[in-house]
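Whatever order the structure lists ligands and atoms in, that order sets their numbers, starting from 1.
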Amino acid sequence: MKIIIKPDLDREDVWIEAFGAAAPELECVVWDAAVDPASIDYAFVWNQGDGALRRFTNLKCIFSLGAGVDHLLRDPELPAGVPIVRMVEPELTRGMSEYVALHVLRFHREGPVLDEQQRARIWNELLTPTAPGRRVGFLGFGVLAKACARVLSGFDFDLACWSRNPKAVAGIESFHGPEGLVAFLARTEILVCLLPLTPQTTGILDQALFAGLPRGAWLINAGRGGHQVEADILAALESGQLAGAALDVFQSEPLPADHPFWPHPKITISPHIASVTQPRSAAREIVANIRRLQAGEAPHNIVDTAAGY
Ligand code: GLV
């Protein structure tokens with residue numbers, strides 16, 4: 001039983017060690033190894049490039065290293081009929097809750113304004129509400145957003161979510177579909193985007209969407225750069241429609257050195273590390289899914305290729 005791996009950040013050795021600990025019987029093959037492609041049973045990939053999986057003619061399942069699967073679904077030569085599994089693992093989920101809690105709390109307590117005041121040596125006692133008086137909204141409400149909402153509900157933030165299809169979660173006001181978006185935006189002071197990138201969500205963070213938020217709202221995007229119209233973010237910050245943005249993802253990554261986001265005082269940048277898949281816990285999830293497949297069962301967290309996530 002062989003799995004070919006193409007992880008990110010040149011971390012092949014870490015992944016080999018993690019798969020070895022989770023399933024000693026699983027043979028881990030690195031991407032550039034001289035191997036008979038027909039002998040590969042499983043592929044574990046990140047940014048593998050279009051057409052790169054075509055040579056594996058006996059694949060039983062493709063595992064995405066990330067929660068997002070846009071790097072797979074955009075491939076016109078993706079092997080047909082092979083199930084795709086997105087990454088759901090407890091430490092990736094935990095990391096995202098940390099990132100979102102960090103920036104929600106920071107914006108909620110006017111962190112960027114306090115930073116500015118400090119730089120200017122201004123002692124101005126800003127008064128902010130406590131969490132029940134702050135309305136946070138999740139655009140996209142999958143596994144990651146739900147975990148973030150659980151953490152924020154510990155502070156009693158006023159939470160809402162918007163998704164394609166209705167989702168009922170106790171204590172969270174839920175909106176869906178294009179008709180629900182207007183009301184969702186109107187009540188959202190801190191907007192957290194954790195959508196999958198699909199043709200329907202590409203460019204969703206644009207001028208029209210920002211105009212639907214209350215003036216002075218904050219944006220947190222840990223989805224994909226493809227969700228954001230970057231010129232519209234700059235214009236919304238300039239006009240005051242947005243008070244600040246925490247961005248982990250960009251149209252072009254790495255963010256080019258001359259990009260206007262870098263020096264912007266109202267933008268906080270992180271280099272697509274809001275949350276990172278952790279090899280030990282992720283390998284355990286993948287191996288559990290391989291065992292399900294071997295037992296003739298469907299793997300967990302299978303992608304609906306028509307929906308795109
Ligand atoms: C990272 O971007 C992921 O999809 O997990």
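- Rounded to the nearest 0.5 angstrom, Glu173 CD and Arg135 CZ are separated by 10.0 Å.
- Because its NZ or CZ atom is both nearer than 6.0 Å to the ring centre of Trp31 and within 45° of the ring axis, Arg55 counts as a cation-pi partner of that residue.
- Annotation: Leu92 places no N or O atom under 3.5 Å from an N or O atom of ligand 1; distance criterion only.
- Counting the atoms of ligand 1 from 1 in the order shown, those under 4.0 Å from a heavy atom of Arg224 are 1 (C), 2 (O), 3 (C), 4 (O).
- Within the 4.5 Å cutoff, no side-chain heavy atoms of Phe157 are placed close to those of Val151.
- Comment: Arg94 engages Glu91 in a salt bridge, judged by a side-chain N to carboxylate O separation of less than 4.0 angstrom.
- Close contacts of ligand 1 with Gly66, meaning ligand atoms under 4.0 Å from a residue heavy atom, involve 3 (C), 4 (O), 5 (O).
- Heavy atoms of His272 found under 4.0 angstrom from ligand 1 belong exclusively to the side chain.
- Distance from atom 5 (O) of ligand 1 to its nearest protein heavy atom, with residue and atom name: Ala67 N, 2.7 Å.
- Using a 4.0 Å cut-off between a side-chain N of Lys or Arg and a carboxylate O of Asp or Glu, Asp158 and Arg187 qualify as a salt bridge.
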